[in-house]
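The residues of the chain are indexed from 1 along the displayed sequence. The analysis underlying the following values was restricted to heavy atoms, covering all of them including side chains, and did not include hydrogens, waters or symmetry mates.
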Amino acid sequence: MSGGGGHGGHDGRRKKHEEHEEHVNHERWLVSYSDMMTLLMVLFLVLFAMSNVDQTKVILLQEGFNQAFGTNAVLQGSSSVLQSSASDSAGLDMAAGSGPAGQLTESEKALVKKAVSAAELAKAQTRMLAAEAEAQNLSEAEKKIKAALKEKNLEGDASFTIDSRGLVVTVVTSSVVFSGDSAVLRSGGQQILDAVGPTLKSLPNDIEVDGHTNQLPVPTRNYPSAWELSTARASAVVRYLIGNEAIAATRLRAVGFAGTKPLISPSDPRSVKLNRRVEIIVLSDLPDDTSSLLPAAAESI
């Protein structure tokens with residue numbers, strides 16, 4: 001009997017335990033319902049607030065901030081509300097200057113002007129900092145190339161400058177580098193490129209090689225004109241950097257300018273020699289409005 005009773009008591013406890021585990025809260029839907037009602041209330045409050053905005057002032061503020069930040073994204077989310085009725089069209093007309101009603105007050109205009117000026121100043125400072133950092137990197141590359149040239153006693157065969165394009169290494173194409181009317185690199189030119197090459201290879205920048213001839217109208221025998229000669233000399237330098245210095249071809253390009261971009265005035269007697277040159281340019285990848293600051297940034301460092 002005691003054994004049977006014990007067994008029955010055990011089944012009873014198990015049944016109560018199972019019933020407890022199977023209990024389901026049928027009121028959980030109230031939580032989701034209350035969340036939905038809260039979101040709906042917030043939505044209606046936002047719509048109500050937007051319907052009471054001074055639409056013309058929002059448009060004027062949007063124009064001011066768009067001018068400051070160079071984007072149409074500022075306050076753009078309200079455009080559909082502002083343009084959804086005929087009364088909004090009147091607000092647009094007032095914003096364009098057809099009447100005094102709805103326009104910004106003088107203090108509000110001053111705030112917008114201040115915001116525009118501050119944003120422009122911040123952008124200018126950001127561009128200058130980027131230009132200074134780039135100029136510093138280019139200056140370090142210049143120092144390395146100069147040291148390599150000095151080690152080979154070639155420091156007088158190249159000059160350096162930083163302009164809006166990047167670091168410009170100018171090599172005068174005298175008889176040491178190329179013979180007259182020739183695009184074949186001589187041993188002296190190869191030595192210069194051997195000194196310049198390792199630093200160029202270590203940089204991430206793309207490289208442009210520009211060929212220039214002087215302004216003398218001397219007829220060429222091996223090339224149809226100075227255009228082909230200047231381009232052939234630039235190409236010879238590019239081929240040497242690829243084949244002998246193992247610089248990736250995808251980083252290089254050759255350009256010929258004939259005598260259209262003289263380094264010094266053709267009236268200067270030195271121009272006959274100095275304008276006949278090859279320029280190896282370590283190109284900056286900064287945007288144009290920032291790379292234009294590179295000369296000033298280089299002077300500051």
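Residues N214 and S271 form no side-chain contact, since every pair of their non-hydrogen atoms from C-beta on lies 4.5 Å or further apart. Within the 4.5 Å cutoff, side-chain heavy atoms of V177 are placed close to those of L185. Annotation: side chain of V278 is in contact with side chain of V209 (closest heavy-atom distance under 4.5 Å). Taking 4.5 Å as the limit, some side-chain heavy atom of I301 sits within range of a side-chain heavy atom of S139. Looking only at side-chain heavy atoms (C-beta outward), N275 and I264 come within less than 4.5 Å of each other. I242 is not listed as a side-chain neighbour of I247, based on a closest heavy-atom distance of 4.5 Å or more. Side-chain contact between L229 and T213 is present, with at least one heavy-atom pair separated by less than 4.5 Å. Between V272 and R276 the shortest side-chain heavy-atom distance does not fall below 4.5 Å.
The backbone N or O of L283 sits nowhere less than 3.5 Å from a side-chain atom of D206 that would complete a donor-acceptor pair. In this structure, T199 contributes its side chain and V196 its backbone to no donor-acceptor pair below 3.5 Å. Counting only distance, with no hydrogens or angles, the side chain of R251 and the backbone of L200 share a donor-acceptor pair below 3.5 Å. Using a distance-only test at 3.5 Å, with no hydrogens or angles considered, no donor-acceptor pair links the side chain of T290 to the main chain of L286.
For R186, there are no side-chain hydrogen bond (donor to acceptor under 3.5 Å, both in side chains) partners, not counting sequence neighbours. Qualifying side-chain contact (heavy atoms from CB on, under 4.5 Å) partners for S164, counting only residues two or more places apart in sequence or in other chains: none. With sequence neighbours excluded, no residue satisfies side-chain hydrogen bond (donor to acceptor under 3.5 Å, both in side chains) with S187. In this structure, S174 has no side-chain hydrogen bond (donor to acceptor under 3.5 Å, both in side chains) partners at least two apart in sequence or on a different chain. With sequence neighbours excluded, the residues forming a side-chain contact (heavy atoms from CB on, under 4.5 Å) with Q191 are L154, listed by chain and number. Scanning for side-chain hydrogen bond (donor to acceptor under 3.5 Å, both in side chains) contacts around R221 gives an empty result, with sequence neighbours left out.
The shortest non-hydrogen separation linking A158 to V169 is CB-CG1, 4.1 Å. What you find for P262 and G259 is that their closest heavy atoms are CD-O, 3.8 Å.
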Inset, instruction - Would you check, one step at a time, whether the test side-chain hydrogen bond (donor to acceptor under 3.5 Å, both in side chains) holds for E228 with S225? - result: CA-CA 6 Å; E228 287 81 5; S225 70; 2.4 Å; yes

Legend entry - Residue pair D157, V172: steps toward the side chain to side chain contact (heavy atoms under 4.5 Å, CB included) verdict: CA-CA 7 Å; D157 291 331; V172 175; over 6 Å; no

Legend entry - Audit row: D210, I281, side chain to side chain contact (heavy atoms under 4.5 Å, CB included) steps and yes/no: CA-CA 8 Å; D210 294 350; I281 307 162; 3.2 Å; yes

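Each ring pair (Phe, Tyr, Trp, His ring centres under 6.0 Å) pair with one or both residues in residues 118-144, not counting sequence neighbours, would appear here, but there are none. Within the structure, side chain to side chain donor-acceptor pair (under 3.5 Å) pairs that include any residue of residues 126-135 comprise E134-S284 (at least two apart or interchain). Sorted by first and then second residue, the side chain to side chain donor-acceptor pair (under 3.5 Å) pairs involving residues 232-245 (not counting sequence neighbours) are D194-Y240. Evaluation of the ring pair (Phe, Tyr, Trp, His ring centres under 6.0 Å) test over residues 165-201, restricted to residues two or more places apart or in two chains, returns none.
Both L203 and F160 sit in one connected hydrophobic cluster of ILVMFWY residues. Membership requires side-chain heavy atoms under 4.5 Å apart, directly or through other members. When hydrophobic clusters are built by joining Ile, Leu, Val, Met, Phe, Trp and Tyr residues whose side-chain heavy atoms come closer than 4.5 Å, directly or via intermediates, V168 is not grouped with L294.
Ion pairing between a basic and an acidic side chain is recognised when a charged N comes within 4.0 Å of a carboxylate O; R277 and E279 show such pairing. Taking a cutoff of 4.0 Å between a charged side-chain nitrogen and a carboxylate oxygen, K146 and E142 qualify as a salt bridge. Ion pair D289/K123 not flagged as a salt bridge, since none of the NZ, NE, NH1 or NH2 atoms sits closer than 4.0 Å to an Asp/Glu carboxylate oxygen.
Through chains of ILVMFWY side-chain contacts below 4.5 Å, V255 is grouped with F257. The hydrophobic cluster containing V176, built from Ile/Leu/Val/Met/Phe/Trp/Tyr side-chain heavy atoms closer than 4.5 Å, comprises no other residue.
Of the inter-residue distances, the one linking K201 atom NZ with I207 atom CD1 reads 11.5 Å to the nearest 0.5 angstrom.
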